[in-house]
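Atoms within each ligand, like the ligands themselves, are counted from 1 in listed order. Computed from a predicted structure; not experimentally measured.
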Amino acid sequence: NERINHLRNKYRIHVNGSDVNEPIVSFDGLDVDRNILDNIEKSGFSTPTPIQMQSIPLMLAKREVLCCAPTGSGKTLSFLIPIVHQLRQPQRVGFRAVILAPTRELAKQIHRECLWMSNGTGLRVHIIKNVNLAQKKFGPNSALMYDILVTTPNRLVWLLNQKPVAINIENVEWLVIDECDKLFEDGFRDQLSVIFQSCGKSAKVNHAMFSATHDIQLEKWAKLNLDNLVSVVIGGKNN
Ligand code: ADP
Ligand code: MG
């Protein structure tokens with residue numbers, strides 16, 4: 001469709017996949033929780049960035065995505081907005097979204113942004129600061145007090161490898177891998193397969209991967225491991 005192609009050309013949005021949703025050009029009229037729209041408005045952001053234009057409608061449609069867009073282009077909100085919308089309100093079933101980041105510093109930033117975007121929804125966002133404390137907190141009997149987890153893969157895998165398992169992520173609906181190019185660098189694939197298995201035990205999990213660089217290996221991996229992948233690249237072909 002010509003109008004959609006024109007939009008994608010204008011914002012340099014390259015997509016690859018079947019039945020890719022139309023990009024949104026404005027936050028007004030975005031069909032998400034009122035609280036989210038209020039939070040966006042309070043932040044003073046008037047229009048979505050190109051990656052947000054394309055990834056928000058895709059994730060709202062529960063599509064699995066690999067999104068590549070330059071540093072500073074607003075990737076964090078492109079996954080937080082659809083996740084906060086879909087989790088809607090607290091439920092006592094434990095974590096329903098897990099966001100993985102390569103470093104503690106980045107995890108802290110995402111945690112802050114997530115607290116802010118979920119303001120008014122009552123959703124409870126947690127970051128693992130100390131695995132020993134977490135082990136007590138998330139044990140089988142007390143895992144119900146949070147909805148969203150932000151963590152490095154190290155910490156999560158450590159908890160998953162305890163006997164008995166020290167954290168329950170069986171009800172996770174969304175697994176986000178931020179800065180996934182960095183995460184693939186050092187032995188992360190094994191950690192990721194532990195996390196994928198634990199998440200997918202009792203429900204279908206949707207996966208979303210974000211990166212600043214577009215890497216062929218990454219895309220191959222995502223095509224193999226994600227379901228009906230849509231890949232989105234913003235900018236020039238090689239960024
Ligand atoms: P990335 O993860 O792509 O490097 P971030 O998500 O950290 O980028 O966002 C970079 C900055 O842009 C942040 O300060 C963020 O608050 C801001 N930002 C995000 N979305 C928008 C928007 N739609 N309009 C203006 N600024 C935005
Ligand atoms: Mg980022």
Side-chain angles (χ1 to χ4, degrees), residues 7-8 10-15 21-60 65-85 97-121 125 127 148-154 156 174-185 188 192 207-215 218-219 222 230-239:
L7 270 177
R8 292 207 177 106
K10 182 170 172 192
Y11 295 105
R12 305 214 298 159
I13 302 170
H14 308 276
V15 297
N21 300 69
E22 185 173 338
I24 53 157
V25 287
S26 145
F27 289 126
D28 310 330
L30 180 61
D31 191 16
V32 294
D33 190 303
R34 185 69 241 167
N35 290 297
I36 297 176
L37 293 176
D38 288 347
N39 294 333
I40 294 172
E41 200 180 316
K42 276 183 210 142
S43 70
F45 300 162
S46 50
T47 49
T49 64
I51 189 61
Q52 292 166 358
M53 291 179 182
Q54 187 59 80
S55 84
I56 292 172
L58 281 167
M59 287 180 69
L60 287 175
V65 293
L66 168 62
C67 295
C68 305
T71 301
S73 65
K75 291 189 289 295
T76 320
L77 284 189
S78 46
F79 57 79
L80 289 180
I81 290 171
I83 286 177
V84 169
H85 172 72
V98 169
I99 299 161
L100 299 176
T103 64
R104 290 188 68 184
E105 205 41 55
L106 182 60
K108 279 187 208 161
Q109 272 176 38
I110 297 169
H111 178 243
R112 270 199 303 274
E113 210 158 334
C114 191
L115 284 174
W116 160 59
M117 202 34 66
S118 52
N119 193 23
T121 64
V125 189
I127 180 164
I148 303 174
L149 176 66
V150 187
T151 181
T152 59
N154 276 333
L156 180 54
W174 273 109
L175 176 60
V176 175
I177 311 172
D178 195 18
E179 305 269 356
C180 56
D181 50 342
K182 294 204 187 81
L183 284 170
F184 273 85
E185 278 163 13
F188 173 65
L192 195 57
H207 304 91
M209 300 169 63
F210 289 81
S211 160
T213 56
H214 181 236
D215 174 335
L218 201 61
E219 174 133 7
V230 178
S231 65
V232 180
V233 180
I234 306 296
K237 283 281 182 219
N238 299 307
N239 261 333

> With Asn21, which residues qualify under side chain to side chain donor-acceptor pair (under 3.5 Å), at least two apart?
Replying inline: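 Testing Asn21 for side chain to side chain donor-acceptor pair (under 3.5 Å), a comparison that skips the adjacent residues, returns none.
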> Can you list the residues that meet the side-chain contact (heavy atoms from CB on, under 4.5 Å) rule with Asp215, with sequence neighbours excluded?
Replying inline: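 Once residues adjacent in sequence are excluded, the partners of Asp215 under the side-chain contact (heavy atoms from CB on, under 4.5 Å) criterion are Gln217, Leu218.
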> Roughly how far, to the nearest 0.5 Å, is CE of Met117 from CD1 of Ile148?
Replying inline: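 Taking CD1 in Ile148 and CE in Met117, the distance rounds to 11.5 Å.
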>> Using a 3.5 Å distance criterion without hydrogens, assess whether the side chain of Lys75 forms a donor-acceptor pair with backbone atoms of Pro70.
In response: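 Yes; at least one donor-acceptor contact below 3.5 Å.
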>> With a 4.0 Å heavy-atom cut-off, what residues sit around ligand 1?
In response: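 Phe27, Phe45, Thr47, Pro48, Thr49, Gln52, Pro70, Thr71, Gly72, Ser73, Gly74, Lys75, Thr76, Leu77.
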> Only one of Leu80, Val125, Leu149 forms a side-chain contact (heavy atoms from CB on, under 4.5 Å) with Ile99, so which one is it?
Replying inline: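 Exactly one option meets the side-chain contact (heavy atoms from CB on, under 4.5 Å) with Ile99, and it is Leu80.
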Less than 3.5 Å apart, which donor and acceptor atoms pair up between the side chains of residues 28-38 and the rest of the protein, not counting sequence neighbours?
residue	atom	partner	partner atom	Å
Asp33	OD1	Asn35	N	2.7
Asp33	OD1	Asn35	ND2	3.0
Arg34	NE	Asp38	OD1	3.3
Arg34	NH2	Asp38	OD1	3.0
Asn35	ND2	Gly120	O	3.4

